[in-house]
Amino acid sequence: MVGWATGRTGRLRWLSSVGVIALLALAGCTGRDKPPGDTVAGCPVANGHDSGWQRIAGLAGSGSETSVEVTGLVGASSAGGAGPWLAVGAARIGTPSNGDAPASTTPGGNAAGSTTTGGNAAGSTTTGGNAASTTAPGGNASATTAPGTNPAGTGASAATGPGASSGSTSPGGAAPPTVTGPTSGPSSTSGSTGTAATDTVRVGGVGQPAAGGLLAPAEWTSDDGAHWLRRQVEPVSLDGAADRLLGVARYANTAAAVGVTFNHNEGVARPSGWASRAGEPLREARANRELFGGPAGIGVSGVGAGPLGLAILGARNGSDNHLFIAVWRSGDGQAWLPPRQDPALTARPAEAPAALGVAVGSNAIVVGGRTVQVNDPSDGVIWTGVATAPVAGSALANPAAPLRWQRVDPAAAGLGGTGTQEVDRVAWTGSGFVAAGLSGQPGKLHLVAWTSRDGLTWSRGGEAPQAGVDRLTSLSADGSGLLAAGTAGSTACLWRSRDGRAWTADPLPRDAARLPGLQGAFAATGTGRTLVILQGQGRAEVWSHASGRD
C-alpha cells in the first residue's frame, strides 16, 4: 500500500507555514491513535476449517529470495480481454555474504526494506497512513521520508478495470523461475516451492551485487491462482533495478505499476512508471528523473487504468510553492505526460492534503484522499477530472486530452464532520465509481463507502459494522460486486458488497486472518474464485474460495 514516497530528505517545501507543519504533527497524534484502554471489536474470524477458504500457495521464495513483499493484486478477467492473476511488490534477492541484516538508511529516514534504531521496517507507514504494509506510530513510509516527518497518509491503488494481459516471457530468453504449488489445505503451514532468480540484476551490463540482499521489483502471475510464477521484470535504469513496486492496475491488455527506490547518497526517493502490453513482463518507462521526482517531487501513491488511459497518482510542489495533487497520464505506460497544476488540485491555505487512491473510468478520473486541518483529525476528499471530449469505444484514450478538475463538496457527499473520514481506495465498476475508506472516532473506525455514477455527484453508503479497523489496503470491482480488504490490529478483514451501499464481512479462517506479522491484505476475483493475498513478515500467502457468495 505500499507507501508514499517523499522528495528530498528534510524538504517538504509545500509546508509554507508553521501552522501547516503543526497540522502534520496533529495528524500523527489524532485520528488513528487508540485511546488507552479502548476496546476494539476487530473483524470476525471463521471457526474451524469449514469456511471454504483454502491456503493454496506461498510466495515466499525458497531459492535466492530471502523475503517478499506483495503490495497489489489484480484479478484474472475475461471481460475486454483474457489474462492471468497479477501481483506486484518487491523481493529481496540473495543472501548477505557476511550474515548481516540488510543495510539501513540514514537516521530517521528508512529506505525500502531496511530499518534503523527507532525506525520502522520496510513497507511500514505512519499511524495516519494507509499502506499495504505495517503501521507504526512515528515511522516512515515505504522507501521514503524526510527525517522525523511523514506525509499525512499513504497508499497505492489496487483498483482494477476489466480485461487483462496474458502470456509470459523473460528478458534475454532466460528460462522463467519456478512456480509455486498448492498445499494441503487451510491448516497447512508448509510453504510452496519458491521462485528462483539470479542474485545479480544487470542493467545495461552493470551488475548490482547482492550485498545485504538485493531489493528488486517483483511481478508474480498465475493462470489458476494456485501456481505462481515470479517473472523477471525489465528495469531500464539503476534506480528501477532496486524499485519496490507500490501498486498495479490493468485495463484491456495493458497493465501499469508505479515504483520507487531510495537513493542513500542523495537522500531522495526516486519514483518510476512501469507497464506491460499483451502479456509481456513489466518494463520500466524511460523517463527523466525530473518527470516523477526532482526538486519538485514529493511522492507517488497509486496507479489506475481504464478507458481514459493510465494514471499515476502523487503530489508535487507547485511553481507557487504550494502542494498540488499530481496525476501523470499515459496511453501506453511508456510515455508519461507531466502533471498539470490545476487550481482544484492545489492545497488550500492551512490544510495538508494527501492523495491515496485513483480510478480511471470512461468519462472521468477520480482521486480519493484526506486532508488534515487544525482541530480536525481528517476529512475525506474526492477530486474528479471529467473528460472535456467524449471517449469512443474501449481503447485507451489520448492522455493529452484535457480534463476539467473539480473538488467534490464534502458536506453534500458526507466527507466531513466530527471524527475521522478518509477516502483510501477508488474503483471504477464499469458503470460508475465507488470510493471506500474509514470513518469514525479514534480507535473505532469503520469501513465506509461513497458511490457515484459520474464522479461528480456522490452519496455516502452504509458502514460495515466492524469497529477498530486500522487500514483499508485493497478495493476491487468486477461484474458481481466489490471486494474490500484491510486490517484491524493483527487481524485481516474482508468485506463484500453488491453496489457499495451495504457491506458484509466475510470471515477468514484463523490461520489466514491472524497470519504472524500481518502487514496487509489484497483481494480480487476471477476464474471462478476469490483470492486473498496476505502479507506477513517477509512472506506472502495466497488463500482461495469459490466465488459467487453474497
Side-chain angles (χ1 to χ4, degrees), residues 4-28 126 128-129 141 144-155 258 260 267-271 289-302 311-329 336-358 365-386 402-410 415-416 421-423:
W4 178 279
T6 63
R8 186 171 300 276
T9 300
R11 175 197 48 79
L12 292 180
R13 296 185 299 171
W14 57 277
L15 298 177
S16 56
S17 69
V18 175
V20 179
I21 293 176
L23 290 176
L24 287 182
L26 286 172
T126 65
T144 70
T145 75
T149 305
N150 293 299
T154 70
V258 61
V260 68
V268 295
R270 289 178 173 160
R289 285 174 176 166
E290 301 287 325
L291 177 62
F292 297 106
I298 291 178
V300 292
S301 53
I312 287 177
L313 177 64
R316 292 183 72 77
N317 194 53
S319 57
D320 55 357
N321 210 35
H322 285 85
L323 175 146
F324 71 94
I325 305 305
V327 179
W328 292 263
R329 298 179 62 197
W336 291 88
L337 296 179
R340 182 173 64 92
Q341 184 176 0
D342 190 284
L345 296 173
T346 301
R348 296 174 179 176
E351 74 167 1
L356 305 178
V358 59
I365 296 177
V366 173
V367 173
R370 55 180 269 174
T371 183
V372 178
Q373 302 182 57
V374 175
N375 298 324
D376 191 346
S378 76
D379 287 334
V381 186
I382 294 176
W383 297 270
T384 300
V386 178
L403 300 178
R404 184 177 65 255
W405 286 95
Q406 72 175 57
R407 185 166 171 168
V408 174
D409 178 15
L415 293 165
Q421 299 84 32
E422 61 186 44
V423 181

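A 4.5 Å side-chain heavy-atom check between Pro410 and Val381 finds every atom pair outside the cut-off. Looking at heavy atoms from C-beta onward, Arg348 lies out of side-chain contact with Thr371 at the 4.5 angstrom threshold. At least one side-chain heavy atom of Ile365 sits less than 4.5 Å from a side-chain heavy atom of Arg329. A heavy-atom distance below 4.5 Å is found between the side chains of Arg404 and Val386.
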Quiz item: Should Arg289 and Val268 be marked as a side chain to side chain contact (heavy atoms under 4.5 Å, CB included) after you check the CA-CA gap, both sets of side-chain angles, and the distance that decides it?
Solution: CA-CA 11 Å; Arg289 285 174 176 166; Val268 295; over 6 Å; no

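Considering every non-hydrogen atom in both Pro271 and Gly293, the closest pair reads CD-CA, 4.2 Å. The two atoms that bring Arg370 and Glu422 nearest to each other are NH1-OE1, 2.9 Å, heavy atoms only. Of all heavy-atom pairs between Ala311 and Val327, the closest is CB-CG1, 4.1 Å. Of all non-hydrogen atoms in Arg340 and Leu403, the two that sit nearest each other are NH2-O, 3.5 Å. The heavy-atom pair separating Ala326 from Arg316 by the smallest distance is CB-CG, 4.0 Å. When all heavy atoms of Leu323 and Pro353 are compared, the closest pair comes out as CD2-CG, 3.6 Å.
Rounded to the nearest 0.5 Å, atoms CG (Asp342) and CZ (Arg407) are 12.0 Å apart. If you take CH2 on Trp336 and CD1 on Ile312, they are separated by 4.0 Å, rounding to the nearest 0.5 Å.
No side-chain donor-acceptor contact under 3.5 Å links Trp405 to the backbone of Trp383.
Relative ring orientation between Phe292 and Trp328 is described as tilted, the plane-to-plane angle lying within the 30° to 60° band.
Results of the side-chain contact (heavy atoms from CB on, under 4.5 Å) test with Leu313 over Val300, Ile325, Val258 single out Ile325 as the only residue that passes.
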